[in-house]
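Comments concern the structure below.
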Amino acid sequence: RKAIQLAPKQALGPYLLAEAYLAQGNRNEADAAIASAVDLAPTDAKASSQSARARILFLRADIYERQEKWDQAKTAWQAYVDAANKMNGPDAGAFPQSGQERIRAIQKAIDLDKQYAPVRERIAAEKADAGKAPVTPPKKK
């Protein structure tokens, strides 16, 4: 927080604060902090700026995913992929394949959730019915 006060136009402070909140399990505060970092993230063509932006976008996507904000997470991962693809070479420190894999995994989870919806509804209906009607024990033979 002190770093943010000393350099309010730098993205590093909010980025590190988001990391700290995430480590504490405070996803909402991490989300707010990373939003500030994204707004402040450098957009110039320097390699260090591109690397910083990619790391910020990666964390944003990760936070959305942990919050189960699936549409936002997919959009954020795509932004990371786009930023990573702009970086030069494999030693640039960004990995577009990671973002692409996360997008596929999220889509798979969404698809499975839709497929499981009827099963969850049936289970909920069975539980509701079980609470309404008394169960009579079977007769002994």
Side-chain angles (χ1 to χ4, degrees), residues 1-140:
R1 289 188 188 121
K2 183 73 170 174
I4 294 169
Q5 291 174 353
L6 294 173
K9 296 197 185 289
Q10 297 293 319
L12 183 60
Y15 168 78
L16 293 174
L17 185 60
E19 287 274 15
Y21 281 133
L22 195 57
Q24 294 174 341
N26 192 337
R27 295 176 185 156
N28 292 333
E29 292 296 329
D31 189 8
I34 201 65
S36 294
V38 170
D39 290 342
L40 296 169
T43 57
D44 59 35
K46 292 187 330 189
S48 61
S49 295
Q50 290 178 355
S51 179
R53 183 162 188 77
R55 283 186 171 88
I56 290 167
L57 294 173
F58 185 99
L59 184 59
R60 179 184 224 182
D62 182 43
I63 290 169
Y64 283 150
E65 192 171 340
R66 289 174 192 230
Q67 292 175 315
E68 298 181 7
K69 295 179 178 180
W70 304 126
D71 291 335
Q72 290 170 296
K74 284 173 42 178
T75 301
W77 280 119
Q78 187 59 54
Y80 169 76
V81 168
D82 295 344
N85 280 330
K86 289 180 184 177
M87 298 177 71
N88 298 326
D91 295 330
F95 305 94
Q97 306 88 339
S98 297
Q100 293 164 343
E101 184 55 36
R102 294 311 313 144
I103 292 168
R104 282 192 290 276
I106 291 167
Q107 190 57 54
K108 185 176 180 179
I110 290 169
D111 293 344
L112 286 173
D113 187 56
K114 287 178 185 175
Q115 290 175 4
Y116 294 151
V119 174
R120 285 191 300 273
E121 289 171 7
R122 188 191 81 231
I123 291 169
E126 288 174 359
K127 284 183 178 180
D129 288 343
K132 291 180 183 175
V135 177
T136 55
K139 293 181 182 178
K140 293 184 179 181

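Values below: all heavy atoms of this structure, side chains included; hydrogens, waters and symmetry mates excluded.
Residues satisfying the side chain to side chain donor-acceptor pair (under 3.5 Å) test with D44, not counting sequence neighbours, are S49. With sequence neighbours left out, Q5 forms a side chain to side chain donor-acceptor pair (under 3.5 Å) with no residue at all. For S51, the side chain to side chain contact (heavy atoms under 4.5 Å, CB included) test picks out R55, M87, with sequence neighbours left out. When the side chain to side chain contact (heavy atoms under 4.5 Å, CB included) test is applied to Q97, the partners found at least two apart in sequence or on another chain are F95, Q100. The side chain to side chain donor-acceptor pair (under 3.5 Å) check on Y15 picks up E19, with sequence neighbours excluded. Listed by chain and residue number, nothing satisfies the side chain to side chain donor-acceptor pair (under 3.5 Å) test with N26 (two or more places apart in sequence, or in another chain). Partners of E121 by salt bridge (Lys or Arg N to Asp or Glu O under 4.0 Å), not counting sequence neighbours: none found. Under the ring-ring contact (aromatic ring centres under 6.0 Å, His included) criterion, Y64 pairs with no residue, sequence neighbours left out.
Every pair passing salt bridge (Lys or Arg N to Asp or Glu O under 4.0 Å) that includes a residue from residues 98-114 is listed here, sequence neighbours excluded: E65-R102, E101-R104, D113-R120. Sorted by first then second residue, the salt bridge (Lys or Arg N to Asp or Glu O under 4.0 Å) pairs that include residues 22-35, not counting sequence neighbours, are D31-K69. Applying the ring pair (Phe, Tyr, Trp, His ring centres under 6.0 Å) definition to pairs two or more places apart or across chains, none involves residues 16-51.
The two atoms that bring R53 and A41 nearest to each other are NH1-CB, 3.0 Å, heavy atoms only. The heavy-atom pair separating S36 from P14 by the smallest distance is CB-CB, 3.9 Å. Taking every heavy atom of both residues into account, Q10 and L40 meet most closely at O-CD1, 3.5 Å. Across A18 and I63, no two heavy atoms sit closer than the pair CB-CD1, 4.5 Å.
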Could you walk me through whether L22 and I34 pass the side-chain contact (heavy atoms from CB on, under 4.5 Å) check? CA-CA 10 Å; L22 195 57; I34 201 65; over 6 Å; no
Worked check of side-chain contact (heavy atoms from CB on, under 4.5 Å) between K127 and I123: CA-CA 6 Å; K127 284 183 178 180; I123 291 169; 4.0 Å; yes
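For the atom pair CG of D82 and CG of L57, the computed distance is 9.5 Å after rounding to the nearest 0.5 Å. Remark: K9 NZ to I4 CD1 distance equals 14.0 Å, nearest 0.5 Å. One distance of note links OG1 of T75 with CD1 of I103; it measures 8.5 Å at 0.5 Å rounding. Taken to the nearest 0.5 Å, the CG atom of N85 stands 9.5 Å off from the OH atom of Y80.
Between the side chains of Q50 and K86, no donor-acceptor pair of N or O atoms lies under 3.5 Å.
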